[in-house]
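Worksheet: the structure to be examined is printed underneath.
Atoms considered below: every heavy atom in the structure, side chains included; atoms not considered: hydrogens, waters and symmetry mates. In what follows, every chain begins at residue 1, and chains take the letters A, B, ... in the order their sequences are listed.
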Amino acid sequence: MDYNFNEIEPKWQNYWREHHTYRCLNHSDKPHYYVLDMFPYPSGAGLHVGHPLGYIASDIFARYKRLRGFNVLHPMGYDAYGLPAEQYAIQTGQHPAITTERNIARYREQLDKLGFSFDWEREVRTCDPDYYKWTQWTFIQLFNHYYDKELDKARPISELVKRLESGSMPTESEKPWADMSEDERADYLMNYRLAYLADIPVNWCPELGTVLANDEVVNGLSVRGGYPVERKLMRQWSLRISAYAQRLVDGLEEVDWSDSLKEIQRNWIGRSEGAAVWFPLDVKSNANVLPGAQAYISQCDPQPVPSFEIFTTRPDTIFGVTFMVLCPEHELIDSITTPEQRAEVEAYVTWAKNRSERERQAEVKKVSGVFTGAYAINPLTEERIPIWVSDYVLAGYGTGAIMAVPAHDSRDFAFARHFNLPIRQVVSTDPHQLTDPATWTESLDSKTGYSVNSGFVTGMKVKDAMAAVIDKIEEMGIGHRTVNFRLRDAIFSRQRYWGEPFPVYYKNGRPCTIPVECLPLRLPEVSDFKPTSTGEPPLGHATRWAWDEKNRCVVENSKIDGQTVFPLELSTMPGFAGSSGYYLRYMDPRNDQAYFSPEAVNYWQNVDLYVGGAEHGTGHLIYARFWNKFLFDMGLSVKQEPFQKLVNQGMIQGRSSFVYRSKEDNNLFLSKNIPGREDTTVPIHVDINIVNNDILDIEKFRQWRPEFADARFELEDGKYVCGWEIEKMSKSMYNVQNPDDLVARYGADTLRLYEMFLGPVEQAKPWDTNGIEGVFRFLKKFWKLSESCTDSPADKDQLKLMHQTVKKITDDIERFSFNTSVSTFMISVNDLLAKGSVSKEVMECLAILIAPFAPHIAEEVYHHLGHGTSVCDAQWPAYDETMLVQDTFTYPVSFNGKMRFTLDLPNGISQQDAIAAVKSDGRSQRWFDGKEPKRIIFVPNKIINIVV
RNA sequence: GCGGAUAUGGCGUAAUUGGUAGCCGCGCCAGACUUAGGAUCUGGUUCUUCACGGAGUGGGGGUUCGAGUCCCCCUAUCCGCACCA
């Protein structure tokens with residue numbers, strides 16, 4: 001009988017469904033293992049071959065772990081909130097819930113065809129009220145907690161209030177807690193809450209009508225849609241993720257992730273050590289502006305002399321400071337600018353503030369700035385230093401003010417050159433050979449070398465000078481060691497419809513959270529998905545969108561009276577809200593009393609293996625780690641890190657095919673290798689589905705589009721050969737490979753094996769179906785082998801091969817090297833086929849080994865061997881080490897490192913015997929020539945080398 | 001600019017981690033069986049050479065009896081960050 005995958009695959013998929021084969025329980029005597037895929041956003045385009053790559057890899061591992069006797073949690077769900085469904089709704093009026101539902105159904109159908117071992121009873125959807133109830137719940141917890149820096153963990157905000165009330169903790173502002181009004185206290189606490197409302201500069205995207213997080217903006221354009229993004233001051237919800245910056249860096253030490261991804265996260269968090277230093281203003285020249293400056297200074301640090309704070313990672317270069325720079329947003333500018341400079345400064349500040357993010361980033365190389373007319377004093381040299389304003393200093397980092405050392409910082413160098421400011425060298429790799437900085441073409445930024453012209457640190461190594469300067473400024477009381485992070489708080493509001501509503505209402509303008517017992521706060525129906533005419537987010541269209549505090553329910557917003565009925569928040573949460581804790585919800589997805597039960601989380605702990613794309617390195621993977629750490633602080637999650645091991649599957653690129661149309665004759669197409677083709681034709685993208693092994697199906701091409709109906713061809717060897725190129729997978733290039741077509745043609749098992757055979761899972765690679773036939777052929781051979789099964793016991797050769805295969809496959813899976821596993825299967829099956837027949841016991845072993853990779857055929861073969869149960873319940877075969885040992889080993893024998901001949905020697909032979917055997921071999925005489933060898937190297941089971 | 005990764009036949013890749021480079025598959029060549037083949041099977045296939053032989057893992061140097069693998073310097077490609085002081 002032929003290998004009929006069309007019959008086998010649906011049959012076993014039904015079997016699994018009916019028998020709940022993949023149902024997973026939260027209790028078992030077996031050890032537990034949690035394998036997770038990054039859940040997909042169900043887009044309208046359906047799955048392409050890139051999606052399943054990671055799913056297949058994780059499915060192989062999940063199935064393998066199960067066969068190894070683990071209780072495996074392997075769930076799947078949908079990240080169902082998001083912009084595309086909403087954009088589609090705006091264009092068509094179709095409710096996002098309907099399109100999302102439809103897309104999910106399509107995804108599910110496609111996923112089912114691939115034979116995954118997901119426990120669908122645990123499915124979650126972020127847009128499901130039973131799910132987003134807990135997203136909202138977590139938000140309320142974030143709102144009600146602050147970060148205690150001493151204990152280094154989140155604590156209830158009520159604890160903070162208690163400490164403030166008792167006076168055991170003074171407020172950080174000049175006003176004591178007791179003297180504050182209720183509003184002042186609320187504002188004060190808002191500075192501590194982990195979810196807080198603040199006026200912050202945000203990435204505003206007019207086209208999408210929403211703000212975006214930093215990781216959702218690339219080069220000043222939105223990731224979704226590529227629309228321009230502006231900088232704008234808005235009142236927004238944010239998550240105080242920066243409070244966790246240090247722990248997010250430290251946690252990377254504990255996890256088993258690729259070095260490159262860890263590095264991406266470290267760069268994004270951007271920890272840098274340095275010093276905060278207060279530079280006093282030059283009181284004499286600034287006498288007229290002192291009152292304003294004084295007010296600013298009192299906020300920073302009470303200093304006897306008016307001064308302002310800067311941050312530097314190079315305190316050792318403080319002797320080389322020749323000017324200071326403030327960012328255009330700096331609060332001090334207004335009060336220190338001299339009357340002569342005021343007009344110029346104000347013009348510059350206005351210009352800088354109105355510049356779009358895109359312009360600013362595009363013109364990074366252009367130097368701009370303006371002198372304030374004010375001076376600061378270098379606290380170590382007591383020199384008078386001019387204070388400038390420039391947009392190369394960023395408001396969001398450090399204190400928005402820097403000490404400029406043009407000799408040793410390339411940006412300061414460019415600024416100094418542009419405005420003709422002095423440059424003073426204070427670091428040199430060779431202190432005895434100083435050159436005039438005026439002749440330099442670039443600054444010396446390197447941290448290797450010695451301090452020069454630097455007072456008491458002159459002659460020290462840079463590293464020592466850094467420490468010495470910090471010690472000095474700490475001693476003088478004008479600064480201290482400090483750490484700065486690049487990581488900003490995450491903006492959590494989106495002015496969109498299709499997202500989780502905030503469980504927040506506004507009482508006299510002050511935000512209050514709705515009681516947790518009233519969750520979920522359901523997303524209301526709206527008449528229009530666009531912003532309102534007054535510029536409110538789409539929720540402004542909802543008629544039923546006000547909170548009745550007394551009756552604890554949502555009511556018509558016409559009833560807002562400011563007494564018991566209050567307006568609800570109109571923004572919704574961003575995409576990463578729902579995806580930040582879904583892995584925990586899978587542990588206990590139907591629990592309506594809690595996010596997840598303590599029993600469930602204590603059993604599963606955290607995700608053992610997480611598979612997904614590296615593009616989430618600075619988004620989801622940071623937010624989820626933050627979310628988990630917060631829940632850890634609350635005593636809910638039990639591990640600091642959510643994802644123990646992480647594998648990033650490589651991107652699958654498209655492989656576009658081309659036909660070559662003659663420039664003269666629009667109906668004439670030349671095959672790729674026809675001489676002169678390059679100059680006389682233009683390449684045209686052609687649908688990859690009508691090309692096989694780069695050979696064009698001419699008939700299908702003529703039918704493909706009306707304009708090609710009369711196409712004529714110039715062939716080579718009777719075939720039309722297409723050209724190809726690696727491009728992004730995209731509809732417009734006709735290179736999107738849809739897995740359903742391949743499943744229909746070759747079956748899911750072939751597709752699964754082939755996607756793995758393509759190369760290492762982690763590696764990016766072009767999709768190319770040219771080799772799929774080979775894998776299909778292999779499965780047909782595997783099928784044929786199973787039919788040649790006999791009852792006679794396996795001979796020694798077969799047993800040896802079996803044990804070798806078990807060992808190799810086991811090792812390959814453990815190292816996540818699935819491409820080599822497929823090769824191993826091919827070799828074993830070829831060997832066994834060559835022997836003519838195979839014993840039942842060996843065949844059964846092979847069926848179990850291949851079950852993670854090709855589950856359908858494995859089930860069928862296992863069933864044919866007389867088993868009444870699923871191969872999923874089988875036991876992974878063990879291998880016998882003694883069976884792997886060969887009787888003899890073929891040693892390469894080399895003389896002076898040059899391979900000369902091979903010698904079969906018994907295994908476990910001693911060094912003396914081996915050498916004696918080599919010496920007595922006739923071929924050795926040629927090199928020994930009667931002499932004693934200088935040195936003999938014998939490595940058991942490896943090599944014999946003789947130096948003569 | 002900073003950080004990370006990668007580089008092996010015509011192509012995708014492999015190499016027990018320092019031990020005969022090129023496993024497995026695609027493609028190609030030859031043959032068998034076929035009315036036929038985009039089916040199946042067998043053999044061959046790094047380059048060069050009629051052959052003996054020689055060369056060979058992006059380039060150059062080094063360590064070693066021995067290097068695709070370790071070290072140093074280049075080059076190219078990909079990815080991440082990018083005025084982060």
Interatomic distance where [atom1] belongs to [X] and [atom2] belongs to [N] [whole Å]:
{"X": "A/Asp409", "N": "B/G1", "atom1": "CG", "atom2": "P", "answer": "16 Å"}
{"X": "A/Asp768", "N": "B/G12", "atom1": "CG", "atom2": "C1'", "answer": "7 Å"}
{"X": "A/Asp445", "N": "B/C2", "atom1": "CG", "atom2": "P", "answer": "9 Å"}
{"X": "A/His330", "N": "B/A85", "atom1": "NE2", "atom2": "P", "answer": "17 Å"}
{"X": "A/Leu444", "N": "B/G1", "atom1": "CG", "atom2": "P", "answer": "17 Å"}
{"X": "A/Phe323", "N": "B/A85", "atom1": "CZ", "atom2": "C1'", "answer": "11 Å"}
{"X": "A/Asn770", "N": "B/G10", "atom1": "CG", "atom2": "C1'", "answer": "12 Å"}
{"X": "A/Ile772", "N": "B/G27", "atom1": "CD1", "atom2": "C1'", "answer": "16 Å"}

Output yes when a side-chain donor or acceptor of [X] lies under 3.5 Å from a complementary backbone atom of [Y], and no otherwise.
{"X": "A/His408", "Y": "A/Val426", "value": "yes"}
{"X": "A/Asn484", "Y": "A/Ser272", "value": "no"}
{"X": "A/Thr769", "Y": "A/Ile772", "value": "no"}

Quiz item: Which salt bridge (charged side-chain N to carboxylate O under 4.0 Å, His left out) pairs, counting each pair once, include a residue from residues 749-767 of chain A, with sequence neighbours left out?
Solution: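 Sorted result for residues 749-767 of chain A: A/Asp59-A/Arg752.
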Quiz prompt | Pair assignment for RNA chain B - dot-bracket with | for other-strand partners, Watson-Crick or G-U under 3.5 Å | solution = (((((((..(((......[....)))((((((.......))))))(((....)))..(((((..]....))))))))))))....
Identify whether any heavy atom of [X] sits under 4.0 Å from a base atom; if not, whether one sits that close to sugar-phosphate; answer base, sugar-phosphate or nothing.
{"X": "A/Asn830", "value": "sugar-phosphate"}
{"X": "A/Leu394", "value": "base"}
{"X": "A/Pro760", "value": "sugar-phosphate"}
{"X": "A/Val393", "value": "base"}

Strictly under 3.5 Å: I want the nitrogen or oxygen pairs between protein and nucleotides 38-43 of chain B, one per line.
from, atom 1, to, atom 2, distance (Å)
B/U40, OP1, A/Lys780, NZ, 3.4

Any side-chain N or O of [X] under 4.0 Å from OP1/OP2 of [N]?
{"X": "A/Asn819", "N": "B/G25", "answer": "no"}
{"X": "A/Arg815", "N": "B/U17", "answer": "no"}
{"X": "A/Ser272", "N": "B/A85", "answer": "yes"}

When the [atom1] atoms of [N] and [M] are considered, how many whole Å apart are they?
{"N": "B/G10", "M": "B/U64", "atom1": "C1'", "answer": "35 Å"}
{"N": "B/G68", "M": "B/G59", "atom1": "P", "answer": "12 Å"}
{"N": "B/A21", "M": "B/U69", "atom1": "C1'", "answer": "11 Å"}
{"N": "B/G62", "M": "B/U8", "atom1": "P", "answer": "24 Å"}
{"N": "B/G4", "M": "B/C74", "atom1": "P", "answer": "15 Å"}
{"N": "B/G1", "M": "B/U48", "atom1": "C1'", "answer": "45 Å"}
{"N": "B/C47", "M": "B/U57", "atom1": "P", "answer": "15 Å"}
{"N": "B/C2", "M": "B/G54", "atom1": "P", "answer": "46 Å"}

Quiz item: Is the NZ or CZ atom of A/Arg625 positioned over A/Trp257's six-membered ring, under 6.0 angstrom from the centre and within 45° of the axis?
Solution: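 Yes, cation above the ring, under 6.0 Å and within 45°.
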With sequence neighbours excluded, what pairs up with [X] under the ring pair (Phe, Tyr, Trp, His ring centres under 6.0 Å) test?
{"X": "A/Trp351", "answer": "A/Tyr348"}
{"X": "A/Phe701", "answer": "A/Phe669, A/Phe708, A/Phe713"}
{"X": "A/His418", "answer": "none"}
{"X": "A/Phe415", "answer": "A/Phe323, A/Trp388, A/Tyr392, A/Phe419"}

Quiz item: Listed in order of residue number, which residues of residues 259-270 of chain A have a non-hydrogen atom at under 4.0 Å from RNA chain B?
Solution: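 A/Ser260, A/Glu263, A/Ile264, A/Asn267, A/Trp268, in order of number.
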Quiz prompt | Partners meeting side chain to side chain contact (heavy atoms under 4.5 Å, CB included) with A/Asn6 (sequence neighbours left out) | solution =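 Testing A/Asn6 for side chain to side chain contact (heavy atoms under 4.5 Å, CB included), a comparison that skips the adjacent residues, returns A/Asn4.
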Quiz item: Taking only residues two or more places apart in sequence or in another chain, which ones pass side chain to side chain contact (heavy atoms under 4.5 Å, CB included) with A/Asp812?
Solution: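 Checked A/Asp812 against side chain to side chain contact (heavy atoms under 4.5 Å, CB included); matches are A/Lys808, A/Arg815, A/Thr820, A/Ser821, A/Thr824.
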Quiz item: Taking O4'-C1'-N9-C4 for purines and O4'-C1'-N1-C2 for pyrimidines, is B/G9 syn (within 90° of 0) or anti?
Solution: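 Syn.
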Quiz item: Base of B/U17 relative to its sugar, syn (within 90° of 0) or anti?
Solution: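 That one's syn.
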Quiz item: With nearest nucleotides of RNA chain B determined for A/Leu487 and A/Met826 from heavy-atom distances, which residue corresponds to the more 5′ nucleotide?
Solution: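 Final value for this comparison: A/Met826.
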Quiz item: If you pin A/Lys366 and A/Leu758 to their nearest nucleotides in RNA chain B, which one's is more 5'?
Solution: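 On the 5' side of the pair lies A/Leu758.
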Quiz item: Who pairs with A/Glu615 by salt bridge (charged side-chain N to carboxylate O under 4.0 Å, His left out), at least two apart in sequence or on another chain?
Solution: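 Not a single residue meets the salt bridge (charged side-chain N to carboxylate O under 4.0 Å, His left out) criterion with A/Glu615.
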Quiz item: Considering only side-chain heavy atoms of A/Tyr392, which listed nucleotide, B/A15, B/C83, B/G25, is closest?
Solution: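 My answer, after comparing the listed nucleotides, is B/C83.
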Quiz item: Taking the inter-plane angle between the rings of A/Phe308 and A/Phe279 on a 0 to 90° scale, is it parallel (under 30°), tilted (30 to 60°) or perpendicular (over 60°)?
Solution: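 Judged by the thresholds at 30° and 60°, the geometry between A/Phe308 and A/Phe279 is tilted.
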Which pairs would a plain distance check flag for residues 777-785 of chain A, meaning a side-chain donor or acceptor within less than 3.5 Å of a matching protein atom at least two apart in sequence or in another chain?
from, atom 1, to, atom 2, distance (Å)
A/Lys781, NZ, A/Asn830, OD1, 3.1
A/Trp783, NE1, A/Met1, O, 3.0
A/Trp783, NE1, A/Asp2, O, 3.2

